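Since the structure comes first, as structure tokens, the remarks are kept for the end.
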Amino acid sequence: MIGDELLSGIVREYKGQHLTILPDSYVVIDLETTGLDPQWNDIIELGAIRVEKGNVVDKFSSLVNPGYIIDSFITDLTGITNEMVASAPSIKDALPKYLDFVNESIVIGHNVNFDINFLYDNCMNSLKRPFSNDYVDTMRMSRKLFPQERHHRLHDLLTRFGVKQNVEHRALADIEQTNYCYLYMKSYIQDNGIDSVSVLNRHHSHISAKDIKATVTEFDESSPFYDKTFVFTGTLERMIRAAAMQLVVDHGGNCGDGVNKTTNFLVLGNGDFRGTKKDGKSAKYKKAEQLKLSGCDIEIISENVFYDMLE
DNA sequence: TCTCCTCGAGATCT
DNA sequence: CTCGAGGAGA
């Protein structure tokens, strides 16, 4: 995002700050737009709810006429049609009322930088002022809180927290669900005595195999994992690598970062390789093949076989 | 072998 | 921002 901003010459100098506190009073926002890029796309719905001391005290919702035909892809996604925005105000007319509603409050949203960037640019263009509210991002909270999860879309959070979700992406509906996710994670942090500031600030440094400690003390010695050393290459489909490594050590096995003579299993991720690869094989794969030829006790298995071994 | 750095690419929002 | 591969240098 920063790179894109520099390339396109957009530096949002007066943007608010990301906060690691968990406020009781705030405004949850969500926008529907004609696309993903604030430079080329426009707002078609402004939504917000005001929460004070845990209670929803006010709501704001307004469609916005972008001044051109909305792509059918967006209509399918959001349920917002050209007929619906035909009588709606332009962004220049709708924005001041919206800003009055949001006021100076802390803003909460899912991947809220998306919404804030749209608001910032529209404020600059229409009103010659920035949008500088500080904010809390529920996507960032989820990433920090549940680093073992691969996906952190709003949809994924709702599934994880056991909530049914709507088909259409209308602003107020998404806002209500975002608020639910915020409150859920806020309680999760408080109930588990987590230090929110340090957890929400930590950047997830690279996990090395030796950092993974077993969470159990008793091991089944007949497990195919027992006393075996596992190494992973490529991206796993079903979980992130750290979670798979945790499974290995909890079954009495060990993990390594690189392939060597002590490696017993190399697990090939079903997903694409991200690093440089020639002939579709990673360096770990080729090294494992060599060791196997020279008589080492090493097996090269697929991700699916790995899961089968767990049973 | 290990630690640290760089690079590419995916994720997330509509 | 994150994750994973791979290279440099101790």
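As the structure is a prediction and not an experimental result, all values here were calculated from the model. Basis for what follows: all heavy atoms, side chains included, without hydrogens, waters or symmetry-related copies. To find a chain, count down the sequence lines: A is the first, B the second, and so on, and within it residues start at 1.
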How many whole angstroms separate atom CD1 of A/I29 from atom P of B/dT14? 12 Å

For residues 119-138 of chain A, the ring pair (Phe, Tyr, Trp, His ring centres under 6.0 Å) pairs (sequence neighbours left out) are none

Base, sugar-phosphate alone, or nothing: which one does A/D174 contact when heavy atoms must sit under 4.0 Å apart? sugar-phosphate

Taking the hydrophobic residues Ile, Leu, Val, Met, Phe, Trp and Tyr, and joining any pair whose side-chain heavy atoms are under 4.5 Å apart, which ones share a cluster with A/Y68? none

Could you please name the option among B/dC13, C/dC1, B/dT14 that lies closest to any side-chain atom of A/N111? B/dC13

Taken to the nearest whole Å, CD1/A/I175 to P/B/dT14 is 11 Å

Give the rounded distance in Å between these two atoms: CD of A/Q148 and P of C/dC3. 11 Å

Which dot-bracket notation, 5' to 3', represents the base pairing of DNA chain B when pairs are defined as Watson-Crick or G-U with both distances under 3.5 Å, crossing pairs as [ ], and inter-strand pairs as |? ||||||||||....

Consider only side-chain N and O atoms of A/D195 and A/S198, and report whether a donor and an acceptor are under 3.5 Å apart. yes

Give the rounded distance in Å between these two atoms: NE2 of A/H169 and C1' of B/dT12. 12 Å

Compare the minimum distances between each of B/dC13, B/dA11, B/dT14 and the side chain of A/H110, then state the nucleotide with the smallest one. B/dC13

Using a 4.0 Å heavy-atom cut-off, does A/T78 contact any base of the nucleic acid, only the sugar-phosphate backbone, or nothing at all? sugar-phosphate

Not counting sequence neighbours, list each pair that qualifies as a salt bridge (Lys or Arg N to Asp or Glu O under 4.0 Å) and has a residue in residues 67-95 of chain A. none

Among side-chain atoms of A/R160 and A/S142, is any donor-acceptor pair under 3.5 angstrom? yes

Check whether any side-chain nitrogen or oxygen of A/R153 sits under 4.0 Å from OP1 or OP2 of B/dT12, and answer yes or no. yes

Regarding the side chain of A/K284, the nearest nucleotide among B/dC13, C/dA5, B/dT14 is C/dA5

How many whole angstroms separate atom NE2 of A/H152 from atom P of B/dA11? 11 Å

With side chain to side chain donor-acceptor pair (under 3.5 Å) as the criterion, how do A/D220 and A/S222 come out once you've worked through the C-alpha distance, each side chain's angles and the decisive distance to 0.1 Å? CA-CA 5 Å; A/D220 174 13; A/S222 67; 2.7 Å; yes

Just the rounded figure in Å: distance from C1' of C/dT2 to CE of A/M139. 10 Å

Nearest whole Å is fine: how far is C/dC1 C1' from A/M141 CE? 17 Å

I'd like to know whether the aromatic ring centres of A/Y98 and A/F60 sit less than 6.0 Å apart in this structure. yes

Classify A/L31 by what it touches in the nucleic acid, base, sugar-phosphate, or nothing, heavy-atom distance under 4.0 Å. sugar-phosphate

Judged by atom type as modelled, is there a donor-acceptor pair below 3.5 Å linking the side chain of A/D137 to the main-chain atoms of A/N111? yes

I'd like a table of atom pairs between the protein and nucleotides 2-4 of chain B - only N or O on both sides, under 3.5 Å - with the distance next to each one.
from, atom 1, to, atom 2, distance (Å)
B/dT3, OP2, A/K210, NZ, 3.3

Check: residues 181-193 of chain A side-chain donor-acceptor pairs under 3.5 Å, at least two apart:
from, atom 1, to, atom 2, distance (Å)
A/Y182, OH, A/P23, O, 2.7
A/K186, NZ, A/D24, OD1, 2.7
A/S187, OG, A/L183, O, 3.0
A/N192, ND2, A/Y188, O, 2.7

Ignoring backbone atoms, establish whether A/T233 has a side-chain N or O less than 4.0 Å from OP1 or OP2 of C/dG4. no

Go through C/dC1, C/dA5, C/dT2 for me and flag the one nearest to the A/R140 side chain. C/dC1

Do A/R50 and A/Y26 form a cation-pi contact, if we require the NZ or CZ to be under 6.0 Å from the six-membered ring centre and within 45 degrees of the ring's axis? no

Could you check how far CG of A/L266 sits from P of C/dG4, rounded to whole Å? 14 Å

